[in-house]
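Only one structure is covered here, and it is reproduced in the block below.
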Amino acid sequence: MKNSMSRRQFILAAGALAGSAALAGCGESSTSSSSSQGTSSSASSSSSDDSYALVKDGTLTVVAELGFAPFEYMDDKTGDPEGFDVDVINAVAERMGLACEYLPNQKFDTLVPLIKQGGKADVAVAAITITDERLQSVDFSEPYLDSNQAIVALKGSTETEETLNDASKQVVCQGGTTGNDWIQENLPNATRVPVDDVTAALTGVQTGLYSAMVVDLPVAKYMLTNSFSDLDIIEEIATGEQYGIAVSKDNPNLRKAINKALEEMKGDGTMDSIETKWFGSTI
Ligand code: ARG
């Protein structure tokens, strides 16, 4: 599928925009230092190899499914997106000399197709696991976090991977996720129930509608600690996943600029401090 990059305006990834860094902001302000903005080097020519396309001039437009705490969720009071990913992309945008704006919440399984199609958002940042299947449609930044899956059930439940692999057991997941794939591959006999909303899924486990949920381990830990104290992680599954920022294949220089920012953030302690803020320690 061809996207409409030619109709979009090209901007320079250069220091020209560094002065607007103060505008950057996706919800909560980040913990980043501001030592290294605008370090791309394409200021001299508009046909420079470093230039990349943006949906909106001077702004990194982000799309996400905003029901995945602590990675991205809506702050009840401000109505703004908040979370680990929000801080990460905010700091990335700041380093690129760009403002940062979130589109309204989208269903998770629409994010990769939306980036592939182009024209609406520059990046999808949603604890998205880099997979071979998704790499057919979009590119990803270098990984920014390691993750695994978890099976969640009622506290005191006697369910195991073995008992759940039965048609009488409803195992819920968020549609289009790697949790969904894991159920398909590892619990082929279970009745898999993909839903849009993680909180609704966990509530369903709480009320006995579902026997268990398969979801990213950091989300399970966070949600159980903060809102679902009557649920338990009955198994941690070492899937060895890595999260990446999804970018259109038609926009390779945007990916490069994001990777540069991520590398700086890994090097200067910004990434560690965002991890500590959301997880209490580095992961
Ligand atoms: N890491 C999993 C995946 O990529 C789940 C991500 C869900 N993210 C979200 N914001 N709902 O499939």
Side-chain angles (χ1 to χ4, degrees), residues 64-73 83-89 108-109 111-112 124-135 140-155 157 159-165 169 171-188 190 192-199 201-202 204-206 210-229 231-246 262 266 271-272 274-283:
E65 193 280 329
L66 295 164
F68 212 59
F71 294 104
E72 42 268 323
Y73 61 96
F84 177 87
D85 285 350
V86 181
D87 283 354
V88 168
I89 199 62
F108 182 75
D109 57 9
L111 300 179
V112 166
V125 189
I128 304 176
T129 303
I130 303 168
T131 66
D132 289 343
E133 196 188 336
R134 291 170 182 162
L135 280 166
F140 282 97
S141 69
E142 290 300 316
Y144 64 89
L145 197 76
D146 294 339
S147 189
N148 287 304
Q149 295 292 309
I151 306 179
V152 173
L154 267 180
K155 244 179 199 158
S157 151
E159 299 288 5
T160 63
E161 208 177 310
E162 290 69 38
T163 64
L164 287 169
N165 193 20
K169 302 294 168 66
V171 182
V172 71
C173 59
Q174 187 173 51
T177 61
T178 47
N180 180 77
D181 295 343
W182 188 88
I183 299 171
Q184 240 166 348
E185 278 156 34
N186 298 281
L187 304 175
R192 183 175 41 87
V193 187
V195 301
D196 290 340
D197 186 70
V198 169
T199 301
L202 289 170
V205 176
Q206 201 172 37
Y210 311 117
S211 307
M213 174 168 199
V214 178
V215 65
D216 294 27
L217 178 62
V219 173
K221 283 185 177 159
Y222 189 91
M223 298 286 259
L224 269 48
T225 306
N226 291 289
S227 325
F228 292 93
S229 54
L231 300 182
D232 229 349
I233 294 171
I234 61 167
E235 194 180 319
E236 297 190 6
I237 310 160
T239 50
E241 291 169 59
Q242 294 188 302
Y243 296 159
I245 297 168
L262 284 175
K266 286 173 189 170
M271 213 58 171
D272 282 352
I274 299 175
E275 285 183 25
T276 306
K277 173 179 169 187
W278 290 101
F279 306 110
S281 64
T282 55
I283 279 198

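Note: hydrogens, waters and symmetry copies are ignored here, and every other heavy atom, side chains too, is used. All residue numbers in this chain count up from 1 along the given sequence.
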### Task
Can you spot which of Asp216, Thr239, Asp181 makes a side-chain hydrogen bond (donor to acceptor under 3.5 Å, both in side chains) with Gln149?
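Among Asp216, Thr239, Asp181, the one that satisfies the side-chain hydrogen bond (donor to acceptor under 3.5 Å, both in side chains) with Gln149 is Asp216.
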Requested in this report: Could you check Val214 against Arg192 for side chain to side chain contact (heavy atoms under 4.5 Å, CB included), going step by step and ending with a plain yes or no?
Outcome: CA-CA 10 Å; Val214 178; Arg192 183 175 41 87; over 6 Å; no
Heavy-atom pair with the smallest gap, counting every atom of [X] and [Y]:
{"X": "Phe108", "Y": "Gly175", "result": "CD2-O, 3.9 Å"}
{"X": "Asn180", "Y": "Cys173", "result": "OD1-SG, 3.3 Å"}
{"X": "Leu202", "Y": "Leu231", "result": "O-CD1, 3.7 Å"}
{"X": "Ala190", "Y": "Leu164", "result": "CB-O, 3.1 Å"}
{"X": "Asn165", "Y": "Pro188", "result": "OD1-N, 3.2 Å"}
{"X": "Glu159", "Y": "Ser211", "result": "OE2-CB, 3.9 Å"}

Between Glu65 and Asp196, does the side chain to side chain contact (heavy atoms under 4.5 Å, CB included) criterion hold? Intermediate values first, please.
CA-CA 9 Å; Glu65 193 280 329; Asp196 290 340; over 6 Å; no
Can you tell me how far the [atom1] atom of [X] sits from the [atom2] atom of [Y], to the nearest 0.5 Å?
{"X": "Asp146", "Y": "Glu241", "atom1": "CG", "atom2": "CD", "answer": "10.0 Å"}
{"X": "Ile274", "Y": "Thr282", "atom1": "CD1", "atom2": "OG1", "answer": "13.0 Å"}
{"X": "Met223", "Y": "Thr225", "atom1": "CE", "atom2": "OG1", "answer": "11.0 Å"}
{"X": "Asn148", "Y": "Glu235", "atom1": "CG", "atom2": "CD", "answer": "11.5 Å"}
{"X": "Gln242", "Y": "Ile128", "atom1": "CD", "atom2": "CD1", "answer": "14.5 Å"}
{"X": "Leu145", "Y": "Thr129", "atom1": "CG", "atom2": "OG1", "answer": "10.0 Å"}

Are the side chains of [Y] and [X] in contact, using a 4.5 Å heavy-atom criterion?
{"X": "Thr199", "Y": "Phe228", "answer": "yes"}
{"X": "Ile89", "Y": "Tyr144", "answer": "no"}
{"X": "Leu262", "Y": "Ile245", "answer": "yes"}

So Val88 and Met271, side chain to side chain contact (heavy atoms under 4.5 Å, CB included) or not? Walk me through it.
CA-CA 7 Å; Val88 168; Met271 213 58 171; 4.0 Å; yes
Tell me whether [X] contacts the main-chain N or O of [Y] through its side chain, where contact means a donor paired with an acceptor under 3.5 Å.
{"X": "Asp232", "Y": "Leu154", "value": "no"}
{"X": "Glu275", "Y": "Ile283", "value": "yes"}
{"X": "Thr160", "Y": "Glu162", "value": "yes"}

For Ile233, the side chain to side chain contact (heavy atoms under 4.5 Å, CB included) test, sequence neighbours excluded, returns Ala150, Val152, Leu217, Ala220, Lys221, Leu224, Glu236
Report task. Would you please test Val215 and Phe68 for side chain to side chain contact (heavy atoms under 4.5 Å, CB included) and show each step? Result -> CA-CA 10 Å; Val215 65; Phe68 212 59; 4.0 Å; yes
Those residues at least two apart in sequence (or on a different chain) that pass side chain to side chain donor-acceptor pair (under 3.5 Å) with Ser227 are none
Contacts of Phe71 meeting ring-ring contact (aromatic ring centres under 6.0 Å, His included) (sequence neighbours excluded), chain-then-number -> Phe84, Tyr243, Phe279
Should Glu142 and Lys266 count as an ion pair when the cut-off is N to O under 4.0 Å? no
